[in-house]
Amino acid sequence: MKTTWPLLVAIVLCGCSHAPEATPSYRNLNADYVGIEVCGSCHVDKYQTFTEAQMGRSWEAAVPANSVANFDDPDPVYDPHNDMHYQAFRRGGDLFIQEFRLEGADTTHVRIEQVSYIVGSGQHTNSHIMDVGGYLYQMPLTWYAQDGKWDLPPGFKDGNNRRFDRPIPLKCMTCHNGMPKFVDGSENRYDYVPHGIDCERCHGPGSVHVEAMRSGGAVNVAEEIDWTIVNPGKLPVNRQFDICQGCHMQGATVPKQGITFADFRPSMRLDDIENVFWPRYADSIQQFVMASHPDRLQLSSCFKESYTAEQLTCVTCHDPHVSIETLGADHYRTVCLGCHLESPDELRCTEEEAARAAVSDYCVSCHMPTSGSEDIPHVRITDHFIRSPVAKTPAILSADEAVKNKEFIRLASLIERAPAAIDVARGYMTYYEEVTNHPGFLDSAAVYLDRARDETPLHQVAAPLVRMYFLKEDYRSIVRLARAGLSATDAWTAYRIGEAFLTEGSPAEARPHMEKAVSRAPGNLRFRSRLAVAFLHENRPTEAAALLDEVLDNNPKFTEAFNNRGFARLLLGDIEAAEADFLAAIALDPDLEGALGNLASLYYNTGRIAEARPYARRLLKRDPQNPQYQQLWDLVK
């Protein structure tokens with residue numbers, strides 16, 4: 001049954017609603033990062049406790065000592081959508097994830113990849129990262145610590161399994177880790193990867209502070225502010241929240257034009273860097289995601305009624321320098337009583353003594369109930385919306401379920417009070433790409449892009465307009481715009497225009513746009529690979545093969561490049577090398593139809609019918625209604 005899209009409404013609501021405060025003028029906004037070890041050389045006590053705390057353990061080398069997961073012969077995880085099994089295992093001090101497929105008693109596919117990094121402190125999860133020459137990818141298994149089980153990672157279920165190909169972009173890295181050295185123009189390549197969130201993520205880059213301390217410029221911080229380094233506790237409340245909610249306000253995150261997520265520095269206004277969009281449902285009391293703490297807290301009366309010199313903030317309850325495991329069992333209750341012990345009678349606990357005793361008089365048990373989140377399975381979190389106890393906590397719906405059940409009301413702006421229409425459109429598109437591919441979100445993006453034309457210069461609307469048509473697979477509209485003179489100013493827009501021309505059968509027109517994408521983002525292997533495809537369509541296999549050699553030299557796991565280079569080599573008459581490339585592509589992805597078809601055709605055309613047969617059979621099994629696959633099978637069966 002077709003689902004009716006509920007509403008296309010203007011964005012409302014934002015995060016903190018207090019009047020804006022001036023940004024303090026810290027001297028380290030443009031300083032260099034020095035690393036946690038330099039900070040620890042002076043701040044020994046903080047260094048020692050922080051490296052054991054949750055944030056300090058957020059990203060670590062993949063060795064058994066840093067993992068809470070079971071790598072000792074656990075049961076495999078089965079994904080029915082792609083008919084693959086996944087199993088974690090270890091060899092000595094090295095950790096691995098194995099992907100395999102079974103047909104009866106036979107194992108028809110095996111791929112083993114070594115884990116390079118572990119993400120997550122292990123309080124909730126351990127996720128796993130593969131490093132291929134500096135290109136980082138999430139792997140298809142996550143350990144869920146609370147349930148003590150392996151399963152597919154968040155976002156990998158229900159036919160969305162990216163296997164070993166989900167890139168780790170800069171936004172993911174900057175929230176789960178210290179500041180990396182990102183290769184500009186790439187999608188997920190890093191020259192340097194820290195091990196854990198570090199001091200400078202909250203205090204700002206430290207080179208100016210270190211220089212001042214070494215030159216005798218120490219400040220008595222009990223009496224004045226040290227302007228060489230940010231102390232979040234001395235920032236205005238909104239600027240404190242901006243540090244935390246840069247990562248703990250999860251949603252469809254949209255950077256401002258010309259800005260990257262790495263441009264944020266503590267003490268800056270977050271809405272100068274990015275905005276975050278997330279749906280409001282008919283019952284947003286119950287629908288929330290894992291990292292929604294500031295959004296939920298700001299719904300609370302405790303927050304709204306404490307806007308004084310003693311404003312309730314994240315650090316009222318959480319000291320990021322200290323591990324949760326070291327806190328006393330009564331820690332959070334003590335924090336609550338810090339305000340409520342002296343409160344008027346109407347704010348004191350009125351629950352019966354027996355009920356209070358059943359939860360050890362622990363305020364959080366009733367007023368901040370623990371439940372699941374709509375985005376991450378097998379995880380239970382403390383809801384930061386502090387409120388009167390509810391009789392029953394309804395089941396959490398997934399984002400797709402909420403939309404299908406017509407629970408969706410609007411997409412809310414969580415950081416910026418009045419976002420521009422063009423940013424709202426980008427929010428809808430980002431939500432469509434990252435959360436749910438419900439077409440209504442693209443319809444909403446179109447509405448806001450129409451509004452943006454009245455308030456934004458045309459050249460700024462061009463890129464999101466191309467993006468929207470690309471997501472709609474409306475390639476003809478992109479071609480029409482390009483032929484009318486639309487010029488891409490960024491690599492992704494050039495790439496999308498090039499893909500539109502390729503899809504519409506105009507490789508000669510596609511190639512200049514792909515060349516522009518490659519020149520502006522030379523580290524993005526996807527762009528380079530697609531430029532090679534344009535060359536292949538123009539019957540220029542030599543240029544294509546050279547480009548694909550570069551791709552595979554940088555990343556020997558880039559499946560598509562093996563298939564395309566194999567085709568180029570086939571056109572150049574190198575049958576043996578082409579066969580090797582097709583086999584390499586299939587070893588990485590046994591369902592890559594292009595490689596299966598190319599290899600089956602190669603075998604058929606070289607008289608190796610028996611070798612062609614299993615690949616033709618696999619093609620037909622994947623798409624029984626495809627006439628070309630049926631024709632190939634008829635030739636070799």
Side-chain angles (χ1 to χ4, degrees), residues 5 7-15 20 169-171 242 245-246 249-264 268-280 408-475 477-478 480-482 484-497 499-500 513 516-517 520-521:
W5 181 244
L7 285 173
L8 305 179
V9 296
I11 289 207
V12 298
L13 300 179
C14 66
L170 184 59
K171 176 60 178 177
D242 281 347
Q245 67 188 4
M249 186 76 88
Q250 182 181 339
T253 306
V254 176
K256 294 303 178 84
Q257 294 280 6
I259 299 292
T260 76
F261 297 117
D263 291 330
F264 177 77
M268 292 175 64
R269 294 177 59 98
L270 186 61
D271 58 12
D272 287 339
I273 303 296
E274 65 182 49
N275 200 3
V276 178
F277 299 94
W278 195 254
R280 294 301 190 205
F408 177 85
I409 296 178
R410 57 182 171 264
L411 201 63
S413 172
L414 302 183
I415 304 295
E416 193 172 8
R417 292 183 60 87
I422 192 170
D423 289 331
V424 177
R426 294 167 69 210
Y428 273 105
M429 288 187 282
T430 300
Y431 190 85
Y432 174 88
E433 288 181 297
E434 296 181 355
V435 183
T436 178
N437 59 355
H438 195 289
F441 286 92
L442 296 183
D443 295 338
S444 296
V447 170
Y448 281 99
L449 283 177
D450 283 341
R451 296 182 189 178
R453 295 182 184 186
D454 297 329
E455 61 184 51
T456 308
L458 180 61
H459 69 276
Q460 292 184 16
V461 180
L465 190 62
V466 168
R467 179 185 176 192
M468 182 197 69
Y469 285 136
F470 189 82
L471 293 174
K472 283 177 171 283
E473 299 183 2
D474 183 359
Y475 303 116
S477 291
I478 298 176
R480 185 172 61 251
L481 287 172
L486 182 146
S487 178
T489 58
D490 65 283
W492 275 97
T493 303
Y495 158 74
R496 290 174 179 130
I497 295 173
E499 282 286 8
H513 297 285
K516 180 183 285 188
R520 298 193 175 184

- prompt: Below 4.5 Å, heavy atoms only, C-beta onward: do Y431 and P279 meet side chain to side chain?
  reply: yes
query: Quick one: does N275's side chain have a donor or acceptor within less than 3.5 Å of a partner on I415's backbone?
result: yes
task: Calculate, to the nearest 0.5 Å, the distance between atoms CD1 and CG belonging to I259 and D272 respectively.
output: 8.5 Å
- prompt: CE/M468 to CG/L442 distance, rounded to the nearest 0.5 angstrom?
  reply: 8.0 Å
query: Hey, mind stepping through E416 and K256 against salt bridge (charged side-chain N to carboxylate O under 4.0 Å, His left out) and telling me if it holds?
result: CA-CA 11 Å; E416 193 172 8; K256 294 303 178 84; 3.3 Å; yes
- request: Please collect all salt bridge (Lys or Arg N to Asp or Glu O under 4.0 Å) contacts where either partner lies in residues 422-436, sequence neighbours excluded, each pair once.
  value: D423-R426, E433-R467
Ring centers of Y469, Y475 separated by less than 6.0 Å: no
query: Distance-only, no hydrogens or angles: does the E455 side chain make a donor-acceptor pair with backbone N or O of A420 under 3.5 Å?
result: no
query: Would you call V466 and L486 a side-chain contact if the rule is heavy atoms closer than 4.5 Å?
result: yes
- request: Give a yes or no on whether a salt bridge exists between D443 and K472, defined as a side-chain N under 4.0 angstrom from a carboxylate O.
  value: yes
query: Got a donor-acceptor contact below 3.5 angstrom from the D450 side chain to the V447 backbone?
result: no
- prompt: Among side-chain atoms of T493 and R496, is any donor-acceptor pair under 3.5 angstrom?
  reply: no
Separation between CD of Q245 and CD of E274, rounded to the nearest 0.5 Å: 9.0 Å
